[in-house]
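All residue numbers refer to positions in the sequence shown, counting from 1. Nothing here was measured: the structure is a model prediction, and the numbers come from that model.
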Amino acid sequence: MLVRLAIVEDDAQLHNYYGKMIETWAKARKVRLNITFVESAEEYLFKYDRPNEFDILFLDVCMKDMNGMELAHAVRKFDRNVQIVFLTGKTEYVFEGYEIGAVRYLVKPVEENELAKALEACMEKLEGSRDDYLTIKYHGENLRLSRSDIVSVKVEGHYLQMQTTDEVYEWKASLREMMDKLDSEKFVMANRSIVVNLEFVDKITREECILENGEKIPVSRGAYGPLNDAFMKYFFK
């Protein structure tokens with residue numbers, strides 16, 4: 001699962017401090033992470049005033065001009081789903097924070113174990129709310145997989161081979177059957193026998209699709225246009 005996280009903190013020196021702790025948690029949890037650092041509430045509203053930009057939002061309460069609590073109220077007007085965690089040296093806003101649906105209220109200096117607890121609470125809500133999982137019949141058993149962990153699906157004879165972030169699964173099924181279970185905006189054909197998850201795509205040329213892991217997948221002439229258009233729409237919408 002890819003988790004998009006933003007930290008709004010006007011003390012730039014703390015960006016690295018929080019970033020390292022969050023990355024340590026993500027590595028242990030095997031979560032793919034995309035962290036964005038923002039230095040003011042005004043910058044956040046200027047750049048990210050749209051719903052579903054982030055999954056988790058860490059907000060410093062005590063910032064210049066517009067503070068983190070005011071930003072949280074503004075964010076809730078256009079995004080009801082983002083998980084909000086407050087960072088502050090004061091506790092006077094704690095009840096107001098919970099009124100707007102904050103997951104945690106972390107008092108500075110933030111300790112690593114408390115940060116990890118906040119992230120776990122956010123993940124519990126995210127995993128519970130996302131329609132992210134699919135179930136396939138795999139060697140006689142029901143196998144539950146996260147769609148966000150699927151890198152690619154390819155045809156190998158009469159079998160499907162699914163590459164995930166952890167391992168490769170191969171079983172007898174049709175590609176069309178699998179495509180019906182996947183989001184067509186994110187899973188796109190690179191050629192007649194391979195579907196790629198755009199979250200894992202680094203670059204697309206007319207001849208190949210290059211994934212984050214360095215794998216190069218051939219792109220057919222007819223698939224290039226739709227694949228490139230889908231890539232641009234997915235990442236630059």
Side-chain angles (χ1 to χ4, degrees), residues 1-10 12 14-41 43-60 68 71-72 75 78-87 102-104 106 110 112 115-133 145-152 163-166 182-183 185-188 196-204 209-215 227-228 230-237:
M1 176 184 290
L2 175 66
V3 176
R4 302 159 300 165
L5 185 149
I7 300 174
V8 186
E9 165 66 71
D10 60 359
L14 289 176
H15 290 182
N16 188 52
Y17 174 72
Y18 293 134
K20 284 184 176 180
M21 288 195 295
I22 293 170
E23 287 173 355
T24 298
W25 167 84
K27 185 176 181 180
R29 186 68 153 67
K30 294 184 179 180
V31 171
R32 296 174 59 241
L33 198 64
N34 187 328
I35 304 179
T36 300
F37 297 101
V38 185
E39 294 189 6
S40 71
E43 179 187 351
Y44 184 91
L45 291 176
F46 179 73
K47 293 181 177 178
Y48 310 109
D49 61 340
R50 296 174 298 277
N52 302 317
E53 283 285 323
F54 298 103
D55 300 303
I56 302 173
L57 185 57
F58 279 79
L59 299 180
D60 179 23
L71 174 58
V75 168
F78 57 82
D79 192 335
R80 301 298 305 175
N81 297 319
V82 64
Q83 305 299 311
I84 296 177
V85 177
F86 285 112
L87 308 165
V103 176
R104 282 288 193 279
L106 302 180
V110 177
E112 188 169 358
L115 186 68
K117 289 179 183 178
L119 288 166
E120 287 296 335
C122 291
M123 287 299 296
E124 183 177 350
K125 290 178 177 292
L126 288 172
E127 291 174 339
S129 63
R130 284 183 175 179
D131 183 20
D132 186 54
Y133 290 89
L145 296 170
S146 168
R147 290 176 174 85
S148 296
D149 290 338
I150 300 172
V151 178
S152 65
Q163 173 74 57
T164 71
T165 53
D166 294 322
L182 300 175
D183 179 359
E185 291 187 0
K186 186 163 68 171
F187 291 88
V188 185
V196 295
N197 183 346
L198 295 176
E199 283 191 8
F200 294 92
V201 174
D202 263 352
K203 183 180 180 181
I204 297 172
C209 175
I210 303 172
L211 304 183
E212 287 180 359
N213 61 11
E215 182 181 359
L227 176 62
N228 191 56
F231 181 77
M232 296 293 288
K233 181 179 179 181
Y234 187 75
F235 284 102
F236 299 103
K237 62 185 178 181

Inset, instruction - Please examine the side chains of L227 and V196, heavy atoms only from C-beta on, and report whether any two atoms are closer than 4.5 Å. - result: yes
Legend entry - Min side-chain heavy-atom separation L145-D149 under 4.5 Å: no
Legend entry - Closest contact, heavy atoms only, L45 versus F78: CD2-CE2, 4.0 Å
Inset, instruction - Answer with yes or no after comparing the ring centroid distance for Y18 and F58 against a 6.0 Å cut-off, counting only values under it. - result: no
Inset, instruction - Mind listing the closest non-hydrogen atom pair of Y234 and L198 along with its distance? - result: CB-CD1, 3.8 Å
Inset, instruction - Would you mind reporting whether K186 and N197 have side-chain heavy atoms less than 4.5 Å apart? - result: yes
Inset, instruction - For E185 and D183, work out which heavy atoms get closest and say how close. - result: N-OD1, 2.9 Å
Legend entry - Check: L57 and Y44 side chains under 4.5 Å, non-hydrogen atoms: yes
Inset, instruction - Report the distance from atom CG of D55 to atom CG of D79, rounding to the nearest 0.5 Å. - result: 9.5 Å
Inset, instruction - State, yes or no, whether a side-chain contact exists between W25 and M123 at a heavy-atom distance under 4.5 Å. - result: yes
Inset, instruction - First locate atom CG of L2, then atom OG1 of T165, and finally report the distance between them rounded to the nearest 0.5 Å. - result: 11.0 Å
Inset, instruction - Apply salt bridge (Lys or Arg N to Asp or Glu O under 4.0 Å) to E43 and list each qualifying residue two or more places apart in sequence or on a separate chain. - result: K47
Inset, instruction - Using a 4.5 Å cut-off on heavy atoms from C-beta on, say whether the side chain of I22 contacts that of I7. - result: yes
Legend entry - M232 side, atom CE; I204 side, atom CD1 - distance, nearest 0.5 Å: 9.5 Å
Legend entry - Straight-line distance of D60 CG to S40 OG, nearest 0.5 Å: 11.5 Å
Inset, instruction - Answer whether the closest heavy-atom distance between the side chains of V103 and I84 falls below 4.5 Å. - result: no
Legend entry - Nearest atoms (heavy-atom pairs only) where L59 meets A72: CD1-CB, 3.8 Å
Legend entry - Spacing of CG belonging to N16 relative to CD belonging to E23, to within rounding of 0.5 Å: 8.5 Å
Inset, instruction - Go through L119 and L5 one step at a time and tell me if the side chain to side chain contact (heavy atoms under 4.5 Å, CB included) criterion holds. - result: CA-CA 10 Å; L119 288 166; L5 185 149; 3.8 Å; yes
Determine all donor-acceptor pairs shorter than 3.5 Å in which one atom belongs to a side chain in residues 32-39; sequence neighbours excluded.
from, atom 1, to, atom 2, distance (Å)
R32, NH1, E199, OE1, 3.4
R32, NH2, E199, O, 3.4
R32, NH2, E212, OE2, 3.3

Inset, instruction - To the nearest 0.5 angstrom, please state how far the CG atom of L211 sits from the CD atom of Q163. - result: 9.0 Å
Legend entry - Shortest non-hydrogen separation from Y48 to E53 and the atoms involved: CD2-OE1, 3.6 Å
